[in-house]
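Take a look at the structure set out below.
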Amino acid sequence: MASKSKEGIEIMPTCQNCGRKWGWKQTLKKSFTLDTGMTCSYCKKKQYATKGTRIRNFLITFAAMSVMAFWNLFYGSSFAFIAISIGFVPLLVMLYPIWVELSNKEEF
């Protein structure tokens with residue numbers, strides 16, 4: 001589970017083995033591997049994205065792709081659409097480390 005700020009909002013993921021909070025850059029770097037597990041930099045134990053995190057990522061990606069498909073279908077491609085699409089992908093990549101939650105076990 002990600003740690004909480006003073007306001008109770010979850011900020012960054014925490015290793016479920018050693019309890020250390022991962023940094024944004026560390027989490028982003030580890031998320032771009034083909035392996036389903038991410039090795040904690042502190043305790044060297046494998047951590048896995050929770051089922052909830054994977055579902056949330058799928059839903060956000062699916063919603064973004066659906067909006068883009070419907071936009072193109074009804075309004076056609078335009079410069080504004082392309083600019084928004086190009087800006088949206090980096091935004092999702094930047095936000096991923098904030099909403100990822102970790103688990104000691106791979107959840108199916």
Side-chain angles (χ1 to χ4, degrees):
M1 190 69 114
S3 63
K4 296 188 178 202
S5 69
K6 293 178 186 176
E7 297 82 23
I9 300 170
E10 296 182 2
I11 300 295
M12 294 301 293
T14 302
C15 175
Q16 296 300 297
N17 188 54
C18 67
R20 302 271 311 259
K21 186 168 61 166
W22 288 14
W24 180 87
K25 186 177 179 180
Q26 174 188 10
T27 306
L28 185 65
K29 182 179 172 184
K30 292 188 182 299
S31 67
F32 280 105
T33 62
L34 296 177
D35 190 8
T36 56
M38 299 177 276
T39 305
C40 177
S41 298
Y42 305 109
C43 67
K44 307 300 182 211
K45 300 288 183 184
K46 279 232 180 190
Q47 295 290 292
Y48 302 91
T50 62
K51 185 177 181 179
T53 296
R54 291 193 322 269
I55 290 171
R56 184 179 319 124
N57 289 340
F58 168 76
L59 291 174
I60 290 170
T61 303
F62 182 76
M65 298 293 280
S66 297
V67 167
M68 290 176 10
F70 282 116
W71 181 286
N72 276 330
L73 183 65
F74 293 112
Y75 300 109
S77 186
S78 68
F79 178 73
F81 170 75
I82 293 169
I84 290 169
S85 298
I86 290 172
F88 191 68
V89 171
L91 177 65
L92 289 179
V93 170
M94 289 174 49
L95 290 176
Y96 176 77
I98 294 171
W99 70 59
V100 69
E101 295 176 350
L102 301 173
S103 172
N104 283 330
K105 296 181 279 183
E106 190 168 11
E107 302 171 357
F108 296 102

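Nothing fancy with the numbering, it's 1 onward along the sequence.
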Hphob cluster co-occupancy, Trp71 + Phe74, side-chain heavy atoms under 4.5 angstrom: yes

Interatomic spacing from CG in Leu28 to CG in Leu95 - rounded to 0.5 Å: 11.0 Å

Hydrophobic cluster identity match, Tyr75 and Ile82, side-chain contacts under 4.5 Å: yes

Under the side-chain hydrogen bond (donor to acceptor under 3.5 Å, both in side chains) test, residues paired with Thr36 that sit two or more places apart: Glu106

Backbone N/O of Glu101 and side chain of Thr53: donor-acceptor pair under 3.5 Å: yes

Leu92 CG to Trp99 CH2 distance, which is reported to the nearest 0.5 Å: 5.5 Å

For Gln16 against Ser103, the heavy-atom pair lying closest together: CG-CA, 3.9 Å

Shortest non-hydrogen contact from Tyr42 toward Gln26: OH-OE1, 3.8 Å

Atom of Pro90, atom of Gly87 and distance for their closest heavy-atom approach: CD-O, 3.4 Å

From CE (Met12) to CG (Leu102), nearest 0.5 Å: 9.5 Å

Closest non-hydrogen atom pair, Pro97 against Pro13: O-CD, 3.2 Å

Same apolar cluster: Met65 and Val67, side chain cutoff 4.5 Å: no

Hydrophobic cluster membership, Val93 vs Phe62, 4.5 Å side-chain cutoff: no

Asn17 to Lys45 - nearest heavy-atom pair and separation: ND2-CG, 3.0 Å

Distance, nearest 0.5 Å, that separates CE of Met94 from CD1 of Ile98: 8.0 Å

Side-chain donor/acceptor of Lys30 to backbone N/O of Thr39, under 3.5 Å: yes

Interatomic spacing from CG in Asn104 to SG in Cys40 - rounded to 0.5 Å: 10.0 Å

Interatomic distance, Lys46 atom NZ to Asp35 atom CG [nearest 0.5 angstrom]: 3.0 Å

Pairs flagged by ring pair (Phe, Tyr, Trp, His ring centres under 6.0 Å) wherever residues 14-41 is involved - sequence neighbours left out: none

Shortest non-hydrogen contact between Gly19 and Thr14, atoms and distance: O-CG2, 3.2 Å

hydrophobic_cluster_shared for Val89 and Met68, side chain cutoff 4.5 Å: no

Side-chain donor or acceptor of Arg54 paired with backbone N/O of Glu107 under 3.5 Å: yes

